[in-house]
Amino acid sequence: MFQSFDNKSTPQFGKARVEALRSTFDALGIDGFLIPRADEYQGEYVPECAERMAWLTGFTGSAGVVLVTRSQAIVFVDGRYTTQLASQVDPAVFTGGDLVGAPPAKWLGDHAPSGFRLGIDPWLHTSAELLRLEKALAEKGSVVLLAANPLDPLWEGRPAEPLEPVTIQPEAFSGMPARQKIDNIAEDVKGRKAEAVLVTDPSSIAWIFNIRGNDVPHTPHPLARAIIHADGKADLFVDERKLNGEVKAYLNGLVKRHAPTEIESTLRGLAEKGASILVDADVVPVALTRVIKDNGGTVVEAIDPVKLPRACKNEAELAGSAAAHVQDGAAMVEYLAWLDSQQPGTVSEIQAVTKLEQARARLGEAMQNPLKDVSFDTISGSGPNAAIIHYRVTTDSDRRLQDGEMFLVDSGAQYVNGTTDITRTVAIGNVPDEQKRFFTLVLKGVIAISDAKFPKGTRGCDLDPLARIALWKAGADYGHGTGHGVGSYLSVHEGPQRISRVSQQEILPGMILSNEPGYYRPGAFGIRIENLIYVREAEAIEGGDQPMLSFETLTWCPIDRRLIIVALLTEDERIWLNDYHAKTREKLMPLISDESVKQWLVAATEAL
């Protein structure tokens with residue numbers, strides 16, 4: 001298994017650990033300390049040695065920030081995690097905060113007393129974050145950059161930093177040689193009148209050099225940093241113990257290799273020569289921007305030049321993703337056919353996760369395209385657990401799928417040719433009509449995004465209402481974005497592309513996005529339907545006068561017909577669904593050998 005079901009939450013230690021942290025404040029000259037979920041590489045998924053937030057609080061979500069002052073301890077989370085937070089932390093020690101509406105900077109601006117000194121680990125915060133904090137405390141106190149993280153010496157048995165092997169991503173899947181990528185970035189740097197760009201995002205490192213790793217859970221990242229110079233030279237800062245002979249020989253033709261600890265001295269040398277260095281203020285840690293500024297260099301703030309090229313997939317990346325999704329869809333069909341054959345009350349949430357991973361592994365082996373990992377811990381929620389948006393089943397929370405409930409399974413896989421992410425909500429026995437009504441309203445949102453045509457220049461925030469309008473008309477909504485970007489055998493959550501209320505990023509051809517509206521009734525049920533889609537040029541529209549874009553679907557898997565109230569669909573929506581199911585059957589049937597699974601697929605894709 002690529003995932004475990006152990007309960008990793010330890011709220012029972014929260015009180016003692018917070019008290020131990022506070023005991024360091026006087027010596028450090030601070031009145032509070034900020035603990036983000038992020039690691040030194042600002043990743044969403046972090047190695048065990050960087051799980052400081054979870055170690056301190058017991059909260060195991062993938063987004064959040066903890067503020068510990070002398071008298072309060074606040075865990076800031078977004079709407080996905082409010083229910084999970086309440087169940088995982090000691091309420092006598094921690095209170096919940098709003099990461100979106102009133103994040104730590106705003107809270108400090110509103111509540112910090114005069115003279116308040118906030119300590120931060122400069123490796124765990126970006127320049128943009130530091131600026132927000134300094135502005136919030138400008139009239140009240142100050143931000144103190146600490147020389148070391150005070151939590152680390154308190155953490156007995158802290159895991160070692162990962163040393164997983166680096167692999168080469170074949171050009172057949174990357175679509176472009178690393179040398180060309182480096183040269184393109186160098187031209188960008190030169191065009192901005194700078195000497196170099198500092199790249200610290202592991203996704204960008206993996207993409208630039210066509211390498212992958214396994215340093216963080218479920219994401220093929222090698223934890224490394226790089227400097228790309230305007231003359232086309234490159235420095236890569238990576239632990240040599242991660243590199244075998246083949247990878248060293250490959251990299252020798254592209255970069256000069258350094259130990260990770262040499263990043264500061266290398267930057268210092270450039271800065272002392274007066275170099276101007278491009279830095280993404282939303283990604284690069286304060287510790288490194290300070291090295292440049294403190295040694296005579298110039299920090300030129302610019303978006304990571306790798307973000308958009310990485311997000312706009314080339315033909316090879318799109319072809320690989322499409323193939324990975326067909327394979328993954330066949331595994332999903334095998335799994336859903338098995339699930340349908342089980343009696344209500346006989347399958348647990350953990351058994352459901354295990355069976356799905358086994359189906360992916362079996363088909364990957366059969367197709368000689370093995371399952372490399374899951375792309376995140378599977379969300380396997382039945383009944384009321386499905387209402388917890390980012391629910392992670394453990395041996396403590398595991399429950400059986402009961403008659404009359406819906407079961408939500410949100411999962412994904414990592415294959416060398418692509419990253420998948422799919423959610424299906426299915427009926428277990430006879431589900432009440434009220435739940436079917438909301439399922440149909442969510443489906444209408446999926447179809448609205450899938451079938452959208454939109455002018456060039458459209459942003460994620462412009463598309464988001466399309467997925468919500470049916471729910472809004474019913475007086476309902478959901479507390480998460482409609483879609484996130486997805487990488488090419490990289491992170492399942494990739495920026496800058498998103499479909500959400502707040503996304504100002506223009507939607508561009510080649511971008512892969514999720515399409516996943518939902519509805520959640522706490523304590524009762526939850527619904528989400530998710531396909532991955534990519535952006536392409538739209539076919540000419542008769543009578544139109546604007547260049548338009550549209551979406552192409554990547555995910556192929558039946559949507560549960562038993563949960564659809566057909567009368568709530570328009571004729572166009574019904575036609576879209578029937579066409580989707582016909583294509584699903586056509587694409588997946590050749591990959592399925594079991595006759596009973598074939599029969600299930602035929603029934604599951606019958607026209608409405």
Side-chain angles (χ1 to χ4, degrees), residues 1-3 5 325-367 371 374 378-386 391 393 398-413 420 422-433 435-436 439 443 525-531 555-564 577 580-608:
M1 291 292 292
F2 287 112
Q3 52 199 312
F5 309 104
H325 277 83
V326 171
Q327 175 179 322
D328 205 58
M332 283 293 298
V333 164
E334 178 183 312
Y335 165 72
L336 291 174
W338 167 82
L339 186 63
D340 251 9
S341 70
Q342 309 303 303
Q343 289 297 314
T346 63
V347 176
S348 74
E349 293 168 337
I350 288 178
Q351 287 173 326
V353 177
T354 302
K355 189 68 176 181
L356 177 51
E357 190 171 314
Q358 289 172 347
R360 284 184 164 126
R362 190 202 66 75
L363 198 65
E365 184 176 345
M367 295 193 66
L371 175 67
V374 294
T378 299
I379 299 169
S380 173
S382 62
N385 285 346
Y391 172 68
V393 59
D398 191 26
R399 69 187 298 275
R400 294 187 179 276
L401 284 54
Q402 301 294 340
D403 186 23
E405 295 180 342
M406 289 185 292
F407 171 58
L408 186 158
V409 56
D410 184 350
S411 68
T420 72
I422 175 174
T423 308
R424 288 296 182 263
T425 304
V426 299
I428 306 299
N430 297 310
V431 174
D433 286 346
Q435 296 184 26
K436 293 180 181 179
F439 180 92
L443 174 59
F525 63 90
I527 301 161
R528 188 161 59 254
I529 306 169
E530 177 187 17
N531 285 346
T555 305
W556 302 103
C557 178
I559 296 168
D560 197 336
R561 297 164 69 259
R562 299 165 299 183
L563 290 171
I564 300 171
L577 185 65
Y580 175 77
H581 275 156
K583 290 178 179 176
T584 296
R585 185 191 299 185
E586 177 186 351
K587 290 176 180 291
L588 302 187
M589 193 66 78
L591 275 66
I592 297 169
S593 56
D594 188 297
E595 283 302 320
S596 65
V597 177
K598 287 183 177 181
Q599 292 173 13
W600 182 92
L601 178 58
V602 169
T605 54
E606 287 290 345
L608 290 176

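Keep in mind that what you see is a predicted model, and the values were worked out from it rather than measured.
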With heavy-atom distances below 4.5 Å as the criterion, would you say the side chains of Leu408 and Ile379 are in contact? yes

Going through the distances and angles, do Thr378 and Gln3 end up as a side chain to side chain donor-acceptor pair (under 3.5 Å)? CA-CA 8 Å; Thr378 299; Gln3 52 199 312; 3.3 Å; yes

Rounded to the nearest 0.5 Å, what separates atom CG in Asp560 from atom NZ in Lys436? 9.5 Å

Taking all heavy atoms of Val393 and all of Glu349, pick out the closest pair and write down the distance. CG2-OE1, 3.4 Å

Is the backbone of Asp403 close enough, under 3.5 Å, to the side chain of Asn430 for a donor and an acceptor to pair up by distance? no

Only one of Leu339, Asn531, Asp410 passes side-chain contact (heavy atoms from CB on, under 4.5 Å) with Arg424; say which it is. Asn531

One pair to check against side-chain contact (heavy atoms from CB on, under 4.5 Å): Gln351 and Asp398. What are the steps and the verdict? CA-CA 9 Å; Gln351 287 173 326; Asp398 191 26; over 6 Å; no

Do the side chains of Glu530 and Ile422 get nearer than 4.5 Å, heavy atoms only? no

Between Arg360 and Gln327, does a side-chain contact (heavy atoms from CB on, under 4.5 Å) hold up when you go through it step by step? CA-CA 8 Å; Arg360 284 184 164 126; Gln327 175 179 322; over 6 Å; no

Between Tyr335 and Leu363, is a side-chain contact (heavy atoms from CB on, under 4.5 Å) present by the stated rule, with each step listed? CA-CA 11 Å; Tyr335 165 72; Leu363 198 65; over 6 Å; no

Are Val353 and Phe5 close enough that some pair of their side-chain heavy atoms sits under 4.5 Å apart? yes

Report yes if the side chains of Met1 and Thr354 come closer than 4.5 Å at any heavy-atom pair, otherwise no. yes

How many angstroms lie between atom CD1 of Ile559 and atom CD1 of Ile564, to the nearest 0.5 angstrom? 6.5 Å

I'd like to know if Lys598 pairs up with Glu595 as an ion pair, taking the criterion as any Lys NZ or Arg NE/NH1/NH2 lying under 4.0 Å from an Asp or Glu carboxylate oxygen. yes

What distance separates Glu357 CD from Ser411 OG, expressed to the nearest 0.5 Å? 10.0 Å

Pair Ser382-Ile428, side-chain contact (heavy atoms from CB on, under 4.5 Å): steps then yes or no: CA-CA 9 Å; Ser382 62; Ile428 306 299; over 6 Å; no

Is there side-chain contact between Ser380 and Ile350, with heavy atoms separated by less than 4.5 Å? no

In Å and rounded to the nearest 0.5 Å, what is the CD1 to OG1 distance from Ile529 to Thr555? 12.5 Å

Which atom pair, heavy atoms only, marks the closest approach of Ala352 to Phe407? CB-CZ, 3.7 Å

Taking the side chain as every heavy atom from C-beta outward, state whether Arg561 and Thr605 have any atom pair closer than 4.5 Å. no

Counting only heavy atoms not in Asp594, do more than 12 sit closer than 6.0 Å to its CG atom? yes

Listed partners of Arg585 passing salt bridge (Lys or Arg N to Asp or Glu O under 4.0 Å), at least two apart: Glu606

Could you state the interatomic distance from CG (Leu588) to NE2 (His325), rounded to the nearest 0.5 Å? 12.0 Å

Show the nearest heavy-atom pair for residues Gln402 and Pro344, with the distance to one decimal. C-CB, 4.3 Å

List the atom of Ile527, the atom of Gln435, and the distance in Å for their closest heavy-atom pair. CD1-O, 3.8 Å

Taking the side chain from Gln342 and the backbone from Trp338, do they hold a donor-acceptor pair closer than 3.5 Å? yes

Minimum heavy-atom distance between Phe439 and Thr425, given as atom pair plus value: CE1-O, 3.5 Å

Hey, are the side chains of Arg562 and Asp340 touching, using non-hydrogen atoms and a 4.5 Å cut-off? yes

Does a side-chain heavy-atom distance below 4.5 Å link Lys355 with Gln358? yes

In this structure, CD1 of Ile592 is separated from CG of Leu601 (nearest 0.5 Å) by 5.0 Å

Would you indicate whether Glu365, at its atom CD, is surrounded by more than 12 heavy atoms from other residues, nucleotides or ligands within a distance under 6.0 Å? no

Val333 versus Pro558, closest heavy-atom pair with distance: CG2-CD, 3.7 Å

